[in-house]
A.B. asks: 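Got a structure here, written out as structure tokens. Questions coming.
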Amino acid sequence: MAVLKYSLIRLATFFILFAACLLLELGMIFALIVGLLGSWAVGYLFFNSLRVEAGEALARRFGGARRLGAGEQQDNDAEDALAEDFHRQQDEQRRDSSPGEAEQDGDSGTDQDGDPGTRQGDTPR
């Protein structure tokens with residue numbers, strides 16, 4: 001449906017501009033050029049989301065799913081890495097901010113030798 005809408009908008013824009021140039025007696029070639037460039041510009045500037053949607057619909061129809069470019073894939077990978085890092089830091093902060101839970105789990109605050117030194121994850125004082 002997006003392809004039909006976008007095509008009709010482009011055709012209507014072309015014919016309006018083409019007819020206006022012909023009424024002004026600017027010549028057939030000039031009217032054709034103005035109509036083509038004008039309809040492209042209007043479609044690109046004012047109906048960009050519809051243009052992208054129509055392009056994706058055509059890609060699904062004739063070429064499968066839309067493939068990501070190398071730059072877009074790198075951006076997605078970087079965003080995924082940042083999100084994973086953020087969630088890992090949040091989990092560590094959550095574990096560090098609740099000291100009462102360690103004692104409830106049977107952790108007495110001693111290291112493996114039984115000495116009251118540093119526990120794993122704590123920094124020495």
A.B. asks: Under 3.5 Å, is there a donor-acceptor pair linking the side chains of Q73 and D77?
C.D. replies: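 Present: a donor and an acceptor within the cut-off.
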A.B. asks: Identify whether the distance between the nearest side-chain nitrogen and carboxylate oxygen of R88 and E84 falls below 4.0 Å.
C.D. replies: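 Salt bridge between R88 and E84, a charged N being under 4.0 Å from a carboxylate O: no.
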A.B. asks: Is L32 linked to F30 within one hydrophobic cluster, defined over Ile, Leu, Val, Met, Phe, Trp and Tyr using a side-chain heavy-atom separation of less than 4.5 Å?
C.D. replies: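 The answer is no; the residues belong to distinct hydrophobic clusters.
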A.B. asks: Is there a path from L36 to M28 through hydrophobic residues (I, L, V, M, F, W, Y) whose side chains come within less than 4.5 Å of each other?
C.D. replies: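 The answer is yes; both residues are in one hydrophobic cluster.
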A.B. asks: Donor-acceptor pairs under 3.5 angstrom involving side-chain atoms of residues 47-55: please list them, not counting sequence neighbours.
C.D. replies:
unit_1	atom_1	unit_2	atom_2	d
N48	OD1	R51	NE	3.1
N48	OD1	R51	NH2	2.5

A.B. asks: Starting from I33 and following side-chain heavy-atom contacts under 4.5 Å between hydrophobic residues (I, L, V, M, F, W, Y), which residues can be reached?
C.D. replies: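 Members alongside I33: I29, L37.
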A.B. asks: Is the count of non-hydrogen atoms from other residues, nucleotides or ligands lying under 6.0 Å from E25 atom CD greater than 12?
C.D. replies: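 No, because the 6.0 Å sphere around CD of E25 holds 12 heavy atoms or fewer from other groups.
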A.B. asks: Can you list the residues that meet the side chain to side chain donor-acceptor pair (under 3.5 Å) rule with Q74, with sequence neighbours excluded?
C.D. replies: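 In terms of side chain to side chain donor-acceptor pair (under 3.5 Å), with neighbours along the sequence ignored, Q74 is linked to no residue.
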A.B. asks: Donor-acceptor pairs under 3.5 Å, side chain of residues 7-22 to any protein atom, not counting sequence neighbours: which ones?
C.D. replies:
unit_1	atom_1	unit_2	atom_2	d
S7	OG	V3	O	2.8
R10	NE	S39	O	3.2
R10	NH1	Y6	OH	3.3
T13	OG1	I9	O	2.8

A.B. asks: What pairs with Y44 under ring pair (Phe, Tyr, Trp, His ring centres under 6.0 Å), at least two apart in sequence or on another chain?
C.D. replies: W40
A.B. asks: For D91, which residues count as a side-chain contact (heavy atoms from CB on, under 4.5 Å) partner, sequence neighbours excluded?
C.D. replies: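 Counting only residues at least two positions away or on another chain, D91 forms a side-chain contact (heavy atoms from CB on, under 4.5 Å) with R94, R95.
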